[in-house]
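Order of the sequence lines sets the chain letters (A, B, ...), proteins ahead of strands, with each chain counted from 1. Since the model is a prediction, treat every value here as computed from it, not as a measurement.
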There are 2 protein chains.
Amino acid sequence: MADGVVERSRPRDRILETARDMFHKHGIKGVGVDAITEAAGTNKMTLYRHFESKDDLIIECLRATASKAGAMWEAFEAEFPGDKLAQLHAWVRKAAEMLKADGRGCDMANAAVELTEPDHPARSVIKELKEAQRDRLVTLCRDAGIGQAELLADTLSLLFEGARVSVQTVGTEGPSAQFVRMAEGLIVSFRGTAAG
Amino acid sequence: MADGVVERSRPRDRILETARDMFHKHGIKGVGVDAITEAAGTNKMTLYRHFESKDDLIIECLRATASKAGAMWEAFEAEFPGDKLAQLHAWVRKAAEMLKADGRGCDMANAAVELTEPDHPARSVIKELKEAQRDRLVTLCRDAGIGQAELLADTLSLLFEGARVSVQTVGTEGPSAQFVRMAEGLIVSFRGTAAG
DNA sequence: CTAGGGTGTTACCGGTCTGTAACGTCACGA
DNA sequence: TCGTGACGTTACAGACCGGTAACACCCTAG
């Protein structure tokens with residue numbers, strides 16, 4: 001698994017990818033820098049030559065995660081060019097897929113749970129990235145011709161966020177199993193009352 | 001704050017309440033047993049005379065939290081005896097109140113995020129307690145005469161869970177601000193299609 | 001008065017954590 | 001060939017962690 005990352009690439013990239021994977025699986029406070037560097041096939045000194053601190057590494061990991069999520073949106077546009085409603089349904093399918101594929105939630109949400117200090121440097125980054133994702137979903141709903149685009153986007157956001165937490169507490173057979181039905185029902189309902 | 005707990009009561013109770021408060025605010029891995037006992041006005045040895053380990057203390061805290069949540073349901077029944085629909089609306093109001101009052105999420109969900117080891121003793125307790133809460137909401141919806149009671153209960157659960165996460169990432173002014181409108185709209189919608 | 005249980009105090013163990021210092025090694029480019 | 005910079009290795013500092021041992025204390029029940 002991490003071996004794929006360990007193969008020849010630059011140490012900084014290996015550290016970043018390995019840290020992302022390990023933070024995701026074991027939590028931020030559950031992973032030490034020694035474990036990260038060892039899994040990345042390097043050592044602690046090299047890590048601290050590329051990152052100011054563990055907090056800095058955490059922030060870079062979150063930015064990388066957000067960047068990958070951004071690529072997902074571009075894939076939707078590439079698959080259904082101009083068809084915003086189809087892209088919205090693609091988002092629902094992708095979300096459901098993530099729920100089943102991986103028993104851990106959103107890296108940013110998980111980080112917010114773990115990093116409780118109000119002035120932790122990662123908190124502002126998390127807020128910024130989460131707000132950008134929300135804006136993107138709102139825009140998609142609006143461009144799909146849905147009347148109360150903000151309300152639908154926020155509802156879908158909370159549903160997905162809740163589902164990602166739910167799989168961590170009761171597993172994939174719990175309430176999150178109904179996510180697609182809930183989301184599709186909401187979209188139908190909002191389209192019905194649309195004033196596009 | 002903790003001083004209220006520190007006043008004369010039995011050490012075990014003070015430790016439990018203080019630990020609950022500190023775990024809630026700072027996370028489980030963000031609080032050491034020394035800090036807990038000091039805030040509780042006692043010492044580490046007394047803690048380990050009453051609890052086998054920190055993990056055991058965590059589990060007892062989660063059970064205490066679930067117990068308090070259970071008392072909330074009884075308060076609904078006391079306030080609106082027999083009127084299940086009114087109790088459902090009371091649940092929505094209470095949920096919204098919790099969202100605004102406290103920027104941290106559900107203790108059980110947060111614990112599930114932090115305790116990533118699949119066989120951690122707290123994980124089965126979290127699952128058990130979360131499933132019990134879900135059953136309660138399903139029963140309430142069904143007794144309120146709603147047709148697809150499970151689906152509404154699961155949707156409301158995910159919405160609330162998501163909102164509690166959202167306040168931790170983007171604050172109370174984000175998507176969670178619309179929680180009441182979402183929940184009330186869902187109840188109306190499900191009552192419309194009811195086949196009670 | 002006395003015995004005992006609950007509690008407080010101090011010191012400690014072994015481990016882990018983030019972060020740094022000092023030094024060695026190796027490849028590559030001028 | 002030389003030197004420069006990236007990387008690896010070892011050792012360590014200083015703090016914190018969960019958990020335990022040994023002992024002193026005090027209140028209360030008998």
Side-chain angles (χ1 to χ4, degrees), chain A residues 2-3 5-20 22-23 25-62 110-111 113-117 119-123, chain B residues 2-3 5-23 25-62 110-111 114-117 119-123:
Chain A
D3 285 359
V5 177
V6 170
E7 60 178 330
R8 281 319 109 192
S9 58
R10 311 193 59 179
R12 189 183 193 279
D13 298 334
R14 281 180 287 155
I15 291 169
L16 202 56
E17 282 309 299
T18 307
R20 249 171 39 87
M22 296 183 74
F23 285 155
K25 286 180 184 161
H26 311 296
I28 290 174
K29 298 200 180 179
V31 174
V33 291
D34 276 311
I36 293 170
T37 55
E38 184 184 347
T42 177
N43 56 72
K44 197 156 49 170
M45 274 312 302
T46 300
L47 187 152
Y48 280 101
R49 286 186 186 113
H50 288 290
F51 303 94
E52 288 187 359
S53 61
K54 185 184 180 183
D55 284 347
D56 185 37
L57 174 62
I58 292 166
I59 289 172
E60 292 304 312
C61 285
L62 293 176
N110 289 352
V113 168
E114 288 200 77
L115 310 176
T116 62
E117 307 105 73
D119 57 348
H120 191 288
R123 293 200 70 86
Chain B
D3 286 358
V5 177
V6 170
E7 58 178 331
R8 281 321 109 192
S9 57
R10 311 193 58 179
R12 189 181 193 280
D13 298 333
R14 282 180 287 157
I15 291 170
L16 201 56
E17 283 308 300
T18 306
R20 249 169 40 88
D21 183 63
M22 296 182 76
F23 286 155
K25 286 181 184 160
H26 311 296
I28 290 174
K29 298 199 179 179
V31 175
V33 291
D34 277 310
I36 292 171
T37 54
E38 185 184 346
T42 177
N43 56 72
K44 199 156 49 169
M45 272 314 300
T46 299
L47 188 153
Y48 281 101
R49 286 186 187 114
H50 289 288
F51 303 93
E52 286 187 359
S53 62
K54 185 184 181 183
D55 284 347
D56 184 36
L57 174 61
I58 292 167
I59 290 172
E60 291 304 312
C61 285
L62 294 175
N110 290 351
E114 288 199 79
L115 308 176
T116 62
E117 307 104 75
D119 56 349
H120 191 287
R123 293 200 70 85

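- Per the geometry, CG belonging to B/D55 stands 12 Å off C1' belonging to D/dG19, to the nearest Å.
- Side-chain proximity of A/T46 to the nucleotides D/dT20, C/dA22, D/dC7 is greatest for D/dC7.
- The base of C/dG5 is not paired with the side chain of B/R49 by any donor and acceptor separated by under 3.5 Å.
- Rounding to whole angstrom units, NZ of residue B/K44 and C1' of C/dA11 are separated by 10 Å.
- For the pair A/I36 CD1 and C/dG19 P, the interatomic distance rounds to 11 Å; values are reported in whole Å.
- Between A/R123 and A/D119 there is no salt bridge, since none of the side-chain N atoms of the basic residue sits less than 4.0 Å from a carboxylate O of the acidic one.
- Of the candidate nucleotides D/dG8, C/dT10, D/dG18, D/dG8 has the atom lying nearest to any side-chain atom of A/N43.
- Between A/E52 and A/G30, the one whose closest nucleotide on DNA chain C sits nearer the 5' end is A/G30.
- Here C/dT7 is the nucleotide among D/dG18, C/dT7, C/dT18 with the atom lying nearest to any side-chain atom of B/P11.
- Between A/I15 and A/L47 the shortest heavy-atom distance is CD1-CA, 3.7 Å.
- For the pair A/S53 and C/dT18, the criterion of a side-chain N or O lying under 4.0 Å from OP1 or OP2 is not met.
- B/L115 places a side-chain heavy atom less than 4.5 Å from the side chain of B/I58.
- Here the straight-line distance linking atom CZ of A/R12 with atom CD of A/E60 works out to 5.5 Å at 0.5 Å rounding.
- Ranking D/dC12, D/dT20, C/dT7 by closeness to the B/H50 side chain, first place goes to C/dT7.
- Between D/dG18, C/dT18, D/dT9, one nucleotide has an atom nearer to the side chain of A/M45 than all others, and that is D/dT9.
- Across the protein-nucleic acid pair, B/I15 atom CD1 and C/dG6 atom P stand 14 Å apart, rounded to whole Å.
- The distance from atom OH of A/Y48 to atom C1' of D/dT9 is 17 Å, rounded to the nearest whole Å.
- Donor-acceptor pairing under 3.5 Å, judged by distance alone, is absent between the side chain of B/K54 and the base of D/dG19.
- Atoms CG (B/D34) and C1' (C/dT10) sit 12 Å apart, rounded to a whole Å.
- Counting to the nearest Å, the C1' atom of C/dC17 and the CZ atom of A/F23 are 13 Å from each other.
- A/E38 has its CD atom 11 Å from the P atom of D/dT9, to the nearest Å.
- Here the side chains of A/T37 and A/T18 are not in contact, with every heavy-atom distance at 4.5 Å or above.
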